[in-house]
**Student:** 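Below you will find the structure I want to go over with you.
On a predicted model such as this, the values are computed, not experimentally measured, just so you know.
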Amino acid sequence: MGKLLDTVAEFLIDDKWVFDKVEGRDIIKTGVRVKNASYRMFIDCVEVRQQVMLYVLSPDVVAPEKRLFAAEFLTRANYGLRFGNFELDMDDGEVRFKVSVDVEGSLLSTQMVRNMVAMAVLTMDRYYPGLKAVCLTDTTPKSAAEDIDKKQ
């Protein structure tokens with residue numbers, strides 16, 4: 001394992017997470033259950049570039065006929081986020097929240113990993129009900145986003 005992956009694993013072990021390393025890659029996969037859903041999480045460490053990308057995946061994929069509505073909702077959600085962003089794969093409907101850091105010339109700390117995990121998981125969980133509303137009801141992307149922003 002590379003140094004970045006070692007630091008990620010150290011945080012997860014210290015915090016008592018259950019996780020697996022993806023064979024042949026510097027990727028750790030795990031999952032978490034919070035208020036609104038259970039999420040899969042991947043942490044991808046690119047040693048040569050000194051970058052860490054953390055992805056929290058929605059438990060649901062967006063149906064083809066709802067992808068434009070979901071894209072609008074996620075664009076509205078992204079606007080104003082200080083860190084990280086939502087992504088939607090328009091081909092398969094996967095939704096994920098990504099937060100990343102470039103530590104070239106510095107060191108990744110377990111506190112940085114802790115902050116990344118907390119930020120990504122809490123942001124996904126905060127917006128997940130709005131995403132579901134847009135995908136499963138006739139709720140508009142604008143009203144779903146506004147409802148979440150009001151609760152802030």
Side-chain angles (χ1 to χ4, degrees), residues 1-2 4-47 49-64 66-103 108-136 139 141 144-152:
M1 286 198 299
L4 296 175
L5 201 65
D6 287 342
T7 302
V8 171
E10 180 183 345
F11 159 71
L12 294 170
I13 291 166
D14 289 349
D15 215 47
K16 303 195 180 357
W17 287 70
V18 176
F19 65 93
D20 293 309
K21 183 184 177 301
V22 174
E23 188 67 33
R25 308 224 14 227
D26 281 347
I27 297 174
I28 286 178
K29 61 181 181 176
T30 187
V32 61
R33 170 79 184 139
V34 287
K35 180 181 175 186
N36 294 311
S38 293
Y39 305 102
R40 291 179 298 141
M41 184 168 58
F42 295 89
I43 305 169
D44 185 1
C45 300
V46 183
E47 287 290 336
R49 293 187 182 148
Q50 290 293 282
Q51 297 171 339
V52 179
M53 285 79 57
L54 185 148
Y55 301 94
V56 176
L57 281 68
S58 168
D60 309 308
V61 296
V62 178
K66 290 290 191 167
R67 289 185 188 153
L68 289 178
F69 295 106
E72 180 185 342
F73 170 76
L74 295 172
T75 299
R76 290 177 181 279
N78 277 334
Y79 188 79
L81 288 179
R82 290 185 179 179
F83 301 102
N85 63 283
F86 284 98
E87 300 176 336
L88 168 63
D89 186 321
M90 293 298 285
D91 293 326
D92 69 11
E94 178 183 78
V95 174
R96 62 189 186 184
F97 187 79
K98 176 182 74 181
V99 62
S100 58
V101 64
D102 185 319
V103 293
L108 181 69
S109 70
T110 56
Q111 184 62 50
M112 291 168 71
V113 176
R114 175 177 283 106
N115 293 347
M116 290 173 72
V117 168
M119 182 184 323
V121 169
L122 293 175
T123 303
M124 174 60 89
D125 203 52
R126 178 173 174 229
Y127 285 95
Y128 179 68
L131 178 64
K132 276 183 66 171
V134 166
C135 292
L136 300 175
T139 302
E146 287 173 346
D147 286 347
I148 291 167
D149 289 340
K150 288 177 191 172
K151 296 175 185 174
Q152 196 172 27

**Student:** Is there a side-chain contact (heavy atoms from CB on, under 4.5 Å) between Leu68 and Met90? Walk through the geometry before answering.
**Tutor:** CA-CA 8 Å; Leu68 289 178; Met90 293 298 285; 3.8 Å; yes
**Student:** Do Glu10 and Val113 make a side-chain contact, defined as non-hydrogen atoms from C-beta onward lying under 4.5 Å apart?
**Tutor:** no
**Student:** If you draw a 6.0 Å radius around CZ in Phe19, do more than 12 non-hydrogen atoms from other residues or ligands fall strictly inside?
**Tutor:**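 Above 12, so yes.
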**Student:** Can you find a pair of side-chain heavy atoms, one from Phe11 and one from Val117, that are under 4.5 Å apart?
**Tutor:**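 Side chain of Phe11 against side chain of Val117, heavy atoms only: contact under 4.5 Å found.
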**Student:** Please report the C-alpha distance between Asp60 and Cys135 in whole Å, then the side-chain angles of each, then the deciding distance to 0.1 Å, and finally whether the side-chain contact (heavy atoms from CB on, under 4.5 Å) criterion is met.
**Tutor:** CA-CA 10 Å; Asp60 309 308; Cys135 292; over 6 Å; no
**Student:** Taking side chain as C-beta onward, heavy atoms only, is Cys45 less than 4.5 Å from Val8?
**Tutor:**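 Of all side-chain heavy-atom pairs linking Val8 with Cys45, at least one is under 4.5 Å.
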**Student:** Decide side-chain contact (heavy atoms from CB on, under 4.5 Å) for Val95 and Tyr128; before the verdict, give the C-alpha distance in whole Å, the side-chain angles of both, and the deciding distance to 0.1 Å.
**Tutor:** CA-CA 10 Å; Val95 174; Tyr128 179 68; over 6 Å; no
**Student:** What distance separates Asn115 CG from Leu54 CG, expressed to the nearest 0.5 Å?
**Tutor:** 11.5 Å
**Student:** Quick check: do Arg126 and Asn36 have side-chain heavy atoms less than 4.5 Å from each other?
**Tutor:** no
**Student:** Can you sort out the partners of Lys98 under salt bridge (charged side-chain N to carboxylate O under 4.0 Å, His left out), two or more places apart, ordered by chain and number?
**Tutor:** Glu87
**Student:** Just wondering, more than 12 heavy atoms not from Arg25 lying within 6.0 Å of its CZ?
**Tutor:**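 Count not over threshold, so no.
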**Student:** How many angstroms lie between atom OG1 of Thr110 and atom CG of Asp6, to the nearest 0.5 angstrom?
**Tutor:** 12.5 Å
**Student:** Does Tyr127 reach the side chain of Leu81, with side-chain heavy atoms less than 4.5 Å apart?
**Tutor:** yes
**Student:** Looking only at side chains, do Asp125 and Tyr39 share a donor and an acceptor under 3.5 Å apart?
**Tutor:** yes
**Student:** Do any pairs count as a salt bridge (charged side-chain N to carboxylate O under 4.0 Å, His left out) and have a residue in residues 70-81, sequence neighbours left out, and if so which ones?
**Tutor:**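 Those involving residues 70-81 are Glu72-Arg76.
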**Student:** Measuring only between side-chain heavy atoms, which start at C-beta, is Lys21 closer than 4.5 Å to Asp26?
**Tutor:** yes
**Student:** Can any side-chain N or O of Arg67 pair as donor or acceptor with the backbone N or O of Val62 at less than 3.5 Å?
**Tutor:** yes
**Student:** Does the side chain of Arg49 reach to within under 4.5 Å of the side chain of Asp102, using non-hydrogen atoms?
**Tutor:** no
**Student:** For Thr139 and Phe69: C-alpha separation, side-chain torsions, deciding distance, then whether side-chain contact (heavy atoms from CB on, under 4.5 Å) applies.
**Tutor:** CA-CA 10 Å; Thr139 302; Phe69 295 106; over 6 Å; no
**Student:** Over 60° means perpendicular and under 30° means parallel, so tell me whether Phe97 and Phe86 are parallel, tilted or perpendicular.
**Tutor:**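 It falls in the perpendicular class, over 60°.
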**Student:** Is there a donor-acceptor pair under 3.5 Å between the side chain of Asp92 and the backbone N or O of Glu94?
**Tutor:**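 At least one qualifying donor-acceptor pair exists.
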**Student:** When rounded to the nearest 0.5 angstrom, what distance separates CG in Leu5 from CD in Glu47?
**Tutor:** 7.5 Å
**Student:** Report yes if the side chains of Lys66 and Val134 come closer than 4.5 Å at any heavy-atom pair, otherwise no.
**Tutor:** no
